[in-house]
Amino acid sequence: MDTTNKPKVTAKDFFLWAGAMVAFYWSIVAYVFLVLDYIDYAFPNPLAYYPSDPYQSGISYEMASIIVLLPTFLLLMRVIRADMARDPSRTDIWVRRWALILTLFVAGAAMAGDLIALLTAFLSGEALSTAFLLKVLVIFLVAAGVFLHFVADLKGYWSAYPSRKRMVALGVAVLAIATIIAGFFIVGTPREARLQRFDDQKIGDLQNIQSQVVYYWQAKRALPKTLADLNNSLSYGPVPVDAQTGQPYAYEATGALSFKLCAMFNGESREDRNRFSEARPMMPIPTDDAGVIKGMMQDNWRHGAGETCFDRSIDPSFYPPLNPKF
């Protein structure tokens with residue numbers, strides 16, 4: 001075979017295409033996972049645990065990947081196409097054809113796997129939830145879009161119609177920006193998520209303090225007069241304070257067996273999140289709907305914006321004194 005007329009691949013060609021493909025694959029995967037995270041947040045699975053701050057999970061990383069890598073891909077492709085315009089032989093180099101064909105293979109495999117997952121769920125008689133169908137649709141549309149784009153590139157369509165190529169690039173950029181902006185309406189802004197995380201920490205601290213108050217009563221058969229009475233280097237250590245303000249939480253003994261705890265919250269409790277903070281109390285103290293501490297944990301830590309107080313009463317039948325002869 002005569003190979004004398006075949007264009008040679010330079011180091012510039014190789015690294016331009018390698019960089020463009022890495023940036024492309026990375027940004028596409030980040031985009032898909034970002035949209036899937038939005039779907040999970042909008043249609044939560046009641047059997048799964050979701051952190052209250054989505055930006056502490058993959059969303060912030062996925063957004064950053066798209067913001068950095070998608071423009072990088074578009075810029076590298078602009079340089080590559082400028083080289084091909086100056087030297088049309090660059091369209092026949094092996095690294096370009098390998099990159100395009102590999103991308104077609106990956107996109108085709110993604111579409112096939114997506115349809116297999118959908119049919120498997122359907123034939124198994126599983127309930128096709130809204131979240132599942134949306135995820136299947138997103139993966140299929142993204143993979144199909146990539147497949148059609150690179151088929152057109154392989155056939156020279158974008159070289160023949162450069163204005164349409166620019167329109168597609170602009171459309172992709174607008175779609176990425178719109179998706180990131182939409183996330184602020186779906187999961188809230190990073191500032192809102194940070195304030196929500198503060199609220200979660202406050203609930204965890206109050207649970208912790210509640211545990212210590214009950215243990216104090218069990219040990220001494222009297223409620224502490226102030227939270228400072230709970231400070232004991234041999235037990236839990238310092239009583240938690242509000243991490244947002246640095247101020248102690250409000251506590252008041254309202255009776256021989258009753259007390260209340262108060263905190264200043266940034267917003268209302270969310271219905272679609274796990275309301276118990278990751279900072280679990282050291283001794284979980286279950287209460288009933290009236291705040292009486294009993295044997296089963298109830299969802300009684302719901303709060304509104306501003307100062308919220310939680311009234312609690314100890315049931316000695318569930319938490320008897322540690323020393324009955326005292």
Peer 1: Can you tell me how far the CG atom of Leu261 sits from the NZ atom of Lys202, to the nearest 0.5 Å?
Peer 2: 14.0 Å
Peer 1: State whether the number of non-hydrogen atoms from other residues, nucleotides or ligands found under 6.0 Å of Phe15 atom CZ is greater than 12.
Peer 2: no
Peer 1: State yes or no: do Phe33 and Ile59 share one hydrophobic cluster built from I, L, V, M, F, W and Y residues joined by side-chain heavy-atom distances below 4.5 Å, directly or via other members?
Peer 2: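 No, because Phe33 and Ile59 fall into different hydrophobic clusters, even though each may have its own neighbours under 4.5 Å.
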Peer 1: Quick check against the 3.5 Å criterion: does Asp229 have a side-chain atom that pairs as donor or acceptor with the backbone of Lys225?
Peer 2: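 Flag set: sc Asp229 to bb Lys225 pair under 3.5 Å.
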Peer 1: Just verifying a value: how many Å separate Asp87 CG and Asp83 CG, rounded to the nearest 0.5 Å?
Peer 2: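 If we round to the nearest 0.5 Å, Asp87:CG and Asp83:CG are 8.5 Å apart.
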Peer 1: One pair to check against side-chain contact (heavy atoms from CB on, under 4.5 Å): Asp13 and Lys8. What are the steps and the verdict?
Peer 2: CA-CA 9 Å; Asp13 293 326; Lys8 294 182 179 180; over 6 Å; no
Peer 1: Donor-acceptor pairs are to be reported for all side-chain atoms of residues 133-140 against protein atoms at under 3.5 Å, with residues two or more places apart or in another chain.
Peer 2:
unit_1	atom_1	unit_2	atom_2	d
Lys135	NZ	Asp40	OD1	2.6

Peer 1: Treat each ILVMFWY residue as a node, draw an edge where side-chain heavy atoms are under 4.5 Å apart, and state whether Leu175 and Ile39 are in one component.
Peer 2: yes
Peer 1: As an exercise, state the distance from CD1 of Ile180 to CG of Leu70, rounded to the nearest 0.5 Å.
Peer 2: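 Reported to 0.5 Å precision, the distance equals 8.5 Å.
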Peer 1: Kindly indicate whether the side chain of Met63, heavy atoms from C-beta on, has any atom under 4.5 Å from the side chain of Tyr31.
Peer 2: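 Contact flag for Met63/Tyr31 side chains = no.
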Peer 1: Under 3.5 Å, is there a donor-acceptor pair between the side chain of Gln247 and the main chain of Val241?
Peer 2: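 Answer holds: no.
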Peer 1: Is the Phe24 to Phe150 ring centre distance short of 6.0 Å?
Peer 2: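 Ring centres of Phe150 and Phe24 closer than 6.0 Å.
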Peer 1: Distance-only, no hydrogens or angles: does the Arg96 side chain make a donor-acceptor pair with backbone N or O of Thr91 under 3.5 Å?
Peer 2: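 Checking the backbone N and O of Thr91 against the side chain of Arg96, a donor-acceptor pair under 3.5 Å is found.
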Peer 1: Do Thr103 and Tyr25 pass the side chain to side chain donor-acceptor pair (under 3.5 Å) test, and can you show the C-alpha distance, the side-chain angles, and the key distance before you say yes or no?
Peer 2: CA-CA 9 Å; Thr103 304; Tyr25 289 140; 2.7 Å; yes
Peer 1: How far does CZ of Arg90 sit from CG of Leu16, to the nearest 0.5 angstrom?
Peer 2: 11.0 Å
Peer 1: Keeping the roles fixed (side chain from Asn266, backbone from Leu195), state whether a donor-acceptor pair exists under 3.5 Å.
Peer 2: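 Yes, Asn266 side chain to Leu195 backbone: donor-acceptor pair under 3.5 Å.
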Peer 1: Checking Trp17 against Met77 for the side-chain contact (heavy atoms from CB on, under 4.5 Å) test, could you report, in this order, the C-alpha distance in whole Å, the side-chain angles of both residues, the deciding distance, and whether it holds?
Peer 2: CA-CA 8 Å; Trp17 275 103; Met77 290 305 301; 4.0 Å; yes
Peer 1: As a quick check of understanding, evaluate side-chain contact (heavy atoms from CB on, under 4.5 Å) for Met84 and Ile93, giving each step before the final call.
Peer 2: CA-CA 10 Å; Met84 289 192 296; Ile93 57 177; over 6 Å; no
Peer 1: Just by distance, do the side chain of Lys260 and the backbone of Thr254 share a donor-acceptor pair under 3.5 Å?
Peer 2: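 The answer is no, because no donor-acceptor pair under 3.5 Å joins these two groups.
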Peer 1: Quick one: are Leu257 and Pro316 in side-chain contact, heavy atoms under 4.5 Å?
Peer 2: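 Heavy-atom side-chain distance check passes, below 4.5 Å.
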Peer 1: Please report the interatomic distance CG(Asp315) to OH(Tyr319), rounded to the nearest 0.5 Å.
Peer 2: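 With rounding to 0.5 Å, CG (Asp315) is 9.5 Å from OH (Tyr319).
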Peer 1: What are the two closest heavy atoms between Ser258 and Leu223, and how far apart are they?
Peer 2: O-CD1, 3.2 Å
Peer 1: Does the side chain of Asp242 pick up a donor-acceptor pair with the side chain of Tyr249 at under 3.5 Å?
Peer 2: no
Peer 1: Looking at Leu206 and Cys262, what are the two nearest heavy atoms and their distance?
Peer 2: CD2-O, 4.3 Å
Peer 1: For Leu76 and Ala20, which heavy atoms make the closest approach, and how far apart are they?
Peer 2: CD1-N, 3.4 Å
Peer 1: Heavy-atom distance under 4.5 Å between the side chains of Gln218 and Val214, does that happen here?
Peer 2: yes
Peer 1: Is it the case that the side chain of Asn231 and the backbone of Val239 share a donor-acceptor pair, with hydrogens and angles ignored and the cut-off at 3.5 Å?
Peer 2: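 Present.
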Peer 1: Kindly indicate whether the side chain of Ser27, heavy atoms from C-beta on, has any atom under 4.5 Å from the side chain of Glu62.
Peer 2: no
Peer 1: Same cluster or not: Val142 versus Leu115, using hydrophobic residues (I, L, V, M, F, W, Y) connected whenever any side-chain heavy atoms lie under 4.5 Å apart?
Peer 2: yes
Peer 1: For Glu268 and His303, what are the C-alpha separation, side-chain angles and deciding distance, and is it a side-chain contact (heavy atoms from CB on, under 4.5 Å)?
Peer 2: CA-CA 6 Å; Glu268 296 181 352; His303 58 81; 5.6 Å; no
Peer 1: So which atom in Tyr216 and which in Ala222 form the shortest heavy-atom distance, rounded to 0.1 Å?
Peer 2: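 Minimum heavy-atom contact is CD2-O, 3.1 Å.
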Peer 1: What class does the angle between the rings of Phe310 and Trp301 fall in, given that below 30° is parallel, 30 to 60° is tilted and above 60° is perpendicular?
Peer 2: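 Geometry flag for Trp301 against Phe310: tilted rings.
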Peer 1: Does any part of the side chain of Phe198, heavy atoms only, come nearer than 4.5 Å to the side chain of Arg194, both counted from C-beta?
Peer 2: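 Answer yes - side chains close enough.
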Peer 1: Do you know which two heavy atoms are closest between Ala30 and Ser65, and how far apart they sit?
Peer 2: CB-CB, 3.7 Å
Peer 1: Side-chain heavy atoms nearer than 4.5 Å, only ILVMFWY residues, links allowed to pass through others: does that put Met167 and Tyr157 together?
Peer 2: no
Peer 1: Does any part of the side chain of Phe147, heavy atoms only, come nearer than 4.5 Å to the side chain of Val151, both counted from C-beta?
Peer 2: yes
Peer 1: Measure the acute angle between the ring planes of Tyr251 and Phe259, then classify it against the limits of 30° and 60° as parallel, tilted or perpendicular.
Peer 2: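 The arrangement is tilted - the two ring planes meet at 30° to 60°.
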Peer 1: CG of Leu102 to CZ of Phe105: how many Å apart, nearest 0.5 Å?
Peer 2: 8.0 Å
Peer 1: Which pair of non-hydrogen atoms, one from Ala144 and one from Met111, has the smallest distance, and what is that distance?
Peer 2: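 Heavy-atom minimum between the residues: CA-SD, 3.5 Å.
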Peer 1: Heavy atoms, side chains only, cut-off 4.5 Å: are Asn208 and Pro240 in contact?
Peer 2: yes
Peer 1: Are Val9 and Leu154 joined in one hydrophobic group, where the rule is that I, L, V, M, F, W and Y side chains link up if heavy atoms are under 4.5 Å apart?
Peer 2: yes
Peer 1: For Gln244 and Asp199, test the side chains for any donor-to-acceptor distance below 3.5 angstrom and give the result as yes or no.
Peer 2: no
Peer 1: Could you check whether any side-chain N or O of Trp158 sits under 3.5 Å from a backbone N or O of His149, counting only pairs where one atom can act as donor and the other as acceptor?
Peer 2: yes
